[in-house]
> 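First the structure, which I've put down as structure tokens, then a few questions once you've had a look.
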Protein chains: 2
Amino acid sequence: MEELKLDMDSYLPLRDVVFHTLRDAILKGDLAPGERLMEIHLANKLGVSRTPIREAIRMLEKEGLAVTIPRKGAQVARMTEKDLEDVLEIRDALDELAVSDACNRMTEENYADLKRAMETFSEAAKTKDVRAIVEADEEFHNVIYRAANNPKLENIIRNLKEQMYRYRYEYVKGDADFLQLVNEHEQIVEGLREKDSVGVKAIMHTHLRNQVESVRGVIRRQNREEA
Amino acid sequence: MEELKLDMDSYLPLRDVVFHTLRDAILKGDLAPGERLMEIHLANKLGVSRTPIREAIRMLEKEGLAVTIPRKGAQVARMTEKDLEDVLEIRDALDELAVSDACNRMTEENYADLKRAMETFSEAAKTKDVRAIVEADEEFHNVIYRAANNPKLENIIRNLKEQMYRYRYEYVKGDADFLQLVNEHEQIVEGLREKDSVGVKAIMHTHLRNQVESVRGVIRRQNREEA
DNA sequence: AAAATAAGTACTGTATACAAAGTGCATAGT
DNA sequence: ACTATGCACTTTGTATACAGTACTTATTTT
């Protein structure tokens, strides 16, 4: 009985499997920007029919990861520097909102999670293991999003982050001052504890600004190379 | 030659036609929240096959207008009071961003459009024609979004507005002080002209707050009725 | 009489078939 | 040699057929 129920819970329509597969491939760069998403080809490759492929493409479209030209087909969305700047700008505004909400709505449990995430980040920063640092940073911010208690906001932010997923390592890899980041995280936690929503928004803004600038630099260098 | 080209441009895949049809029906309330979206039924009703219906449903899903339970089908998304509050909160933050961007990036043409939109709104306010007022208000804000020159931001805001489309008349219909609104619009235009991004954000915030409160009231009353 | 089970129905999930349109290459004409 | 036209191939757009699951209702058993 239980096993059946588990099967039910773990059941995913093929369209969702395909969607996740394609999304990951795009985010990891296995499918390059501009690359065509041909239905039959993908169907054969993934061992499914065209129907779930098409539905997955419609979903990717709405997530901004693919664009389709009628009667020509879909391709992986290209991102210009301007597009990324636009995304970063929105993320900045929404991260400020999230942290401000978190101020007012945070539970004891959220706060405990946050402190744990902060400590994990501190530890990771010492190791200089880029992958671990990025993951710890993600988790720190995710705790804040959860604490904000606004699922729609979480969705939008997740989607925005997705669109710049390729650049997630660049800041930390580059010229990040880890101690500074740790310090900023501490300030954010402190601000949340004090429920100083104005102050914490300001800190979050500066905290993101460095990352934003770093990503900008990477993109500019990339574009120069391409040209 | 030209007519052919026009034909090409005006071609829309059936999935898009269906998508727009269903979206409008949901927004106008012809399809009530919780109502099932049955594929064969819709296909017959719209005179198409199930395939474009399914693709349209996938798009509606990503827009937050429908939810589907695997193997049970899709239904029009229900919106709780909390959902709407969440949406309003995000809109507030993003409208602040938009108006702040508009401050920095507005062209002469944008400014001319804005003044025109403001005047149209003033005229509409005098007539007390609710429909005209709402439309003029929409246009006023749309000019600002365009001036912000951030297409992704525009998209997100459009999507958020869509989710509360049903309530768009409620504020104006209810207890709005038209002269106050006209005054706020004037202040916004003034702030944009002066490029006072901090001030204009504040005005936009208060400008929205009243509408937000009004929509909240409507929803609460509705929910009480339902209970 | 109530509860459980089984059958039937209706819907979704997936695959495939057919039609139409666009692209590219080859061939022929200038 | 170059251009234009036509044909073949690829790919999308749409419809339909088939399979599987869940829900409803009726019947049977306790």
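Numbered from 1 within each chain, the chains take letters A, B, ... in sequence-line order. Everything quoted here is computed from the prediction, not taken from an experiment.
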> Which residue, A/R50 or B/L37, contacts DNA chain C at a nucleotide closer to its 5' end, judged by nearest heavy atom?
B/L37

> Take atom CD1 of A/I40 and atom C1' of C/dA15, then tell me their distance rounded to the nearest Å.
13 Å

> Between CG of A/L208 and CG of A/D95, what distance do you get to the nearest 0.5 Å?
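Going from the CG atom of A/L208 to the CG atom of A/D95 covers 5.0 Å.
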
> For B/H20, I'd like to know if atom NE2 has over 12 heavy atoms of other residues, nucleotides or ligands within 6.0 Å.
yes

> Kindly check if the number of other-residue, nucleotide or ligand heavy atoms within 6.0 Å of CZ (B/R209) is above 12?
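Atom CZ in B/R209 is not packed in, count stays at 12 or less.
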
> Sequence neighbours left out, what pairs pass ring-ring contact (aromatic ring centres under 6.0 Å, His included) with at least one residue falling in residues 130-155 of chain B?
B/F140-B/H185, B/H141-B/H185, B/H141-B/H207

> With sequence neighbours left out, write down each residue that passes side chain to side chain contact (heavy atoms under 4.5 Å, CB included) with B/R131, or none if nothing qualifies.
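Side chain to side chain contact (heavy atoms under 4.5 Å, CB included) check on B/R131 returns B/D129, B/E135, B/Y169.
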
> If the cut-off is 4.0 Å, is A/S49 near the phosphate of C/dT14, judged by side-chain N/O to OP1 or OP2?
no

> Around atom NZ of A/K82, are there more than 12 heavy atoms of other residues, nucleotides or ligands at under 6.0 Å?
yes

> Find the distance A/R36:CZ to D/dT11:C1' and express it as a whole number of Å.
7 Å

> Could you tell me whether A/E139 and A/R146 make a salt bridge, using a distance below 4.0 angstrom between a side-chain N and a carboxylate O?
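Counted as a salt bridge, because a side-chain N and a carboxylate O are separated by less than 4.0 Å.
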
> Rounded to whole angstroms, how far apart are CG on A/L14 and C1' on D/dA19?
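It works out to 13 Å between those atoms.
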
> So if I take every side-chain heavy atom of B/E39 and compare against C/dT12, D/dT12, C/dA15, which nucleotide ends up nearest?
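Closest of the options to the side chain of B/E39: C/dT12.
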
> What contact category does B/I69 fall into here, base, sugar-phosphate, or nothing, at under 4.0 angstrom with non-hydrogen atoms?
nothing

> Is there a side-chain contact between A/R15 and the phosphate of C/dG13, meaning an N or O under 4.0 Å from OP1 or OP2?
yes

> Nearest whole Å is fine: how far is D/dT11 P from A/K72 NZ?
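So the two atoms are 12 Å apart, to the nearest Å.
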
> Whether A/T51 contacts C/dT14 is assessed here as follows: a side-chain N or O lying under 4.0 Å from the phosphate OP1 or OP2. Is that the case?
no

> Closest to the A/R71 side chain: C/dA20, C/dT12, D/dT11?
C/dA20

> Round to a whole Å and report the spacing from CG of A/D16 to C1' of C/dT14.
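It is 14 Å, rounded to the nearest whole Å.
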
> Out of C/dT14, C/dC11, D/dT14, which nucleotide sits closest to the side chain of B/P13?
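From the listed options, D/dT14 comes nearest.
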
> Please list residues of residues 53-65 of chain A whose heavy atoms come under 4.0 Å from any atom in DNA chain D, ordered by number; otherwise none.
A/R54

